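As structure tokens, the structure follows; a few thoughts come after it.
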Amino acid sequence: MMQRVLITGGQGFVGKALAEGALIQGMKVRVSSRRKSTATDHRLEHSETGDLGPMTVWLAALQSVDIVVHCAARAHEMNDTASDLLAVFRAVNVEGTLNLARQAAAMGVRRFVYISSIGVNGVQSTPNKVFTEADKPNPHNAYTLSKWEAEQGLLRVANETGLEVVIIRPPLVYGCGAPGNFGALMRAVQHGWPLPLGAVHNRRSLVALDNLVDFILTCMSNPQAANQTFLVSDGHDLSTTELVRSLARAAGVSARLVPIPQKLLEMGLKMVGKSDMAKRLCGSLQVDISKARTLLGWKPPITVDEGLRRTAQGFLHETTV
């Protein structure tokens with residue numbers, strides 16, 4: 001019997017790729033969006049749901065759906081000026097998510113896959129302790145706290161209704177069209193800009209968009225995933241310096257790296273009010289994907305080198321069309 005899936009945030013970076021992956025697997029795919037879609041892919045069903053929040057009505061979007069993958073969220077915005085940021089994040093990411101989950105359970109949806117954030121574990125891992133699913137959560141800002149609270153609420157909904165909940169906490173997701181810092185770094189490398197990142201000795205876990213999509217599809221179908229939380233990555237960690245070199249190699253350009261000592265770089269960024277950037281560029285964030293490997297039998301289908309090669313090719317194609 002053909003499975004029917006609803007993907008929220010289906011026009012976003014992850015949601016769009018997931019919709020394509022689900023179609024390839026023979027699923028019937030419906031995507032939701034805040035406003036009427038202008039997409040021309042007639043293989044997809046589209047549902048206009050308005051803003052995500054505690055009062056959103058999902059009745060039409062959930063009709064005959066077996067699985068919900070909830071990618072939509074209020075994302076972390078560095079320059080957000082809302083007066084009560086936590087209240088804003090809670091309204092969308094907590095109450096909006098739980099409202100959807102309760103309606104999904106009432107409509108007979110079998111499984112609810114929630115795309116959370118590695119930030120629930122914390123902002124940095126230590127050299128001798130990588131993040132695992134068993135760690136005590138340590139959300140570090142309004143966004144990650146709202147993600148953690150949504151996770152807790154979903155598990156309560158699962159206990160009360162029998163809805164199967166799967167929670168996925170990805171680290172930085174990269175690929176062609178990646179928003180935010182990764183896209184900016186890729187463009188800087190392609191343009192040959194000198195970067196003061198030639199002596200950073202941290203370790204960072206990343207996940208290629210193709211790997212994340214494959215993992216989400218596994219969690220949609222594998223019985224062992226029910227009511228579990230998973231960390232996911234490419235399975236091979238890089239320093240920031242190694243990442244820049246790998247991106248340059250994939251793009252066929254020279255990496256113009258200035259070897260500024262890491263401590264000096266961190267100090268300089270903090271002095272100009274860029275403490276968060278210092279953590280992202282110089283701090284370590286490693287995840288252990290042993291649970292995904294052992295419980296689900298999953299392994300990343302592509303290597304980090306292949307993921308970066310596909311990313312660089314995609315960016316190059318975008319700049320030449």
Side-chain angles (χ1 to χ4, degrees), residues 13 75-79 117-119 121-131 140-141 143-144 170-212 233-287 300 302-316 318-319:
F13 176 57
H76 178 50
E77 298 176 25
M78 301 304 295
N79 300 313
S117 167
I118 194 58
N121 284 68
V123 66
Q124 287 180 292
S125 58
T126 61
N128 299 318
K129 179 68 169 65
V130 301
F131 286 146
H140 59 281
N141 56 24
Y143 168 71
T144 55
L172 185 147
V173 185
Y174 67 92
C176 181
N181 296 317
F182 187 89
L185 180 61
M186 182 75 246
R187 287 186 289 273
V189 170
Q190 283 185 321
H191 289 128
W193 296 342
L195 298 170
L197 304 172
V200 182
H201 304 294
N202 59 349
R203 306 303 295 172
R204 305 286 297 189
S205 295
L206 312 172
V207 62
L209 181 60
D210 289 345
N211 283 339
L212 178 59
S233 80
D234 289 338
H236 180 82
D237 303 334
L238 300 171
S239 69
T240 301
T241 301
E242 290 169 338
L243 173 61
V244 173
R245 286 178 179 151
S246 297
L247 284 172
R249 185 167 57 250
V253 299
S254 297
R256 300 188 65 189
L257 286 164
V258 182
I260 295 177
Q262 181 171 330
K263 291 293 184 184
L264 188 60
L265 177 62
E266 290 181 81
M267 187 183 305
L269 288 169
K270 290 175 182 177
M271 287 177 64
V272 296
K274 301 288 187 180
S275 294
D276 286 344
M277 182 178 290
K279 291 174 182 175
R280 291 194 302 272
L281 290 175
C282 302
S284 292
L285 195 159
Q286 293 179 271
V287 308
I302 65 171
T303 65
V304 65
D305 285 341
E306 175 62 15
L308 293 174
R309 186 191 67 79
R310 294 183 186 184
T311 299
Q313 284 190 337
F315 272 92
L316 285 169
E318 284 186 346
T319 59

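Nothing here was measured: the structure is a model prediction, and the numbers come from that model.
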### Message
Arg309: which residues meet the side-chain hydrogen bond (donor to acceptor under 3.5 Å, both in side chains) condition with it, sequence neighbours left out?
### Response
Glu306, Gln313
### Task
Only counting residues at least two apart or in another chain, list the ones meeting ring-ring contact (aromatic ring centres under 6.0 Å, His included) with Phe13.
none
### Query
Which pair of non-hydrogen atoms, one from Gln124 and one from Phe131, has the smallest distance, and what is that distance?
O-CZ, 3.2 Å
Under 3.5 Å, which donor-acceptor pairs link side chains of residues 255-265 to any protein atom two or more places apart or in another chain?
{"residue": "Arg256", "atom": "NH1", "partner": "Gly192", "partner atom": "O", "Å": "3.0"}
{"residue": "Gln262", "atom": "OE1", "partner": "His201", "partner atom": "N", "Å": "2.7"}
{"residue": "Gln262", "atom": "NE2", "partner": "Cys282", "partner atom": "O", "Å": "3.2"}

### Query
With distance as the sole test, does Asn211 use its side chain to make a donor-acceptor pair with the main-chain N or O of Ser233 at under 3.5 Å?
no
### Task
Kindly indicate whether the side chain of Leu206, heavy atoms from C-beta on, has any atom under 4.5 Å from the side chain of Val173.
no
### Task
Compare all side-chain heavy atoms of Val253 with those of Gln190 and state whether any distance is below 4.5 angstrom.
no
#### Entry: Residue that, paired with Leu308, satisfies side chain to side chain contact (heavy atoms under 4.5 Å, CB included) out of Asp234, Thr303, Leu238
Leu238
### Task
Specify the closest pair of heavy atoms between Pro171 and Ile118, including all atoms of both residues, with the distance to one decimal.
CA-CG2, 3.5 Å
### Task
Please list, chain by chain and in numerical order, all residues satisfying side-chain hydrogen bond (donor to acceptor under 3.5 Å, both in side chains) with Thr311, sequence neighbours excluded.
none
### Query
Is there a side-chain contact between Leu247 and Met186, using heavy atoms and a 4.5 Å cut-off?
yes
### Task
State, to 0.1 Å, how close Ala208 and Gly307 come at their nearest heavy-atom pair, and which atoms those are.
CB-CA, 4.2 Å
### Query
Residues in salt bridge (Lys or Arg N to Asp or Glu O under 4.0 Å) with Arg203, at least two apart?
Glu242
### Query
Any donor and acceptor pair, going by atom type alone, linking the side chain of Ser284 with main-chain N or O of Ser125 inside 3.5 Å?
no
### Message
Keeping Ser205 on the side-chain end and Val287 on the backbone end, is there a donor-acceptor pair under 3.5 Å?
### Response
yes
### With sequence neighbours excluded, residues passing side-chain contact (heavy atoms from CB on, under 4.5 Å) with Thr126
Lys129
### Test side-chain hydrogen bond (donor to acceptor under 3.5 Å, both in side chains) applied to Thr240 - qualifying residues, sequence neighbours left out
Asn202
### Query
Just how far is it from atom CG of Leu281 to atom NZ of Lys274, taken to the nearest 0.5 Å?
11.0 Å
### Partner residues of Tyr174 under the ring-ring contact (aromatic ring centres under 6.0 Å, His included) criterion, sequence neighbours left out
Phe182
### Query
Who passes side-chain hydrogen bond (donor to acceptor under 3.5 Å, both in side chains) against Ser246, sequence neighbours left out?
Arg249
#### Entry: Heavy-atom closest pair, residues Gly183 and Phe315
CA-CZ, 4.0 Å
### Query
Say you draw a straight line from CG of Leu285 to CG of Asp237; how long is it, rounded to the nearest 0.5 Å?
9.0 Å
### Summary
Between Val200 and Thr241 the two heavy atoms that sit nearest each other are N-OG1, 3.0 Å
### Message
Could you measure the distance from the CZ atom of Arg280 to the OG atom of Ser275? Nearest 0.5 Å is fine.
### Response
10.5 Å
### Message
So, taking the atom named OG1 in Thr144 and the one named CG in Asn121, what distance separates them when rounded to the nearest 0.5 Å?
### Response
10.0 Å
### Results of salt bridge (Lys or Arg N to Asp or Glu O under 4.0 Å) for Asp210 - residues two or more places apart only
Arg310
### Sequence-distant partners of Ala184, side-chain contact (heavy atoms from CB on, under 4.5 Å), two or more places apart
Arg187
### Query
Which heavy atom in Leu185 sits nearest to a heavy atom in Val244, and how many Å separate them?
CD1-CG2, 4.1 Å
### Query
How many angstroms lie between CG in Asn181 and CE in Met277, if you round to the nearest 0.5 Å?
6.5 Å
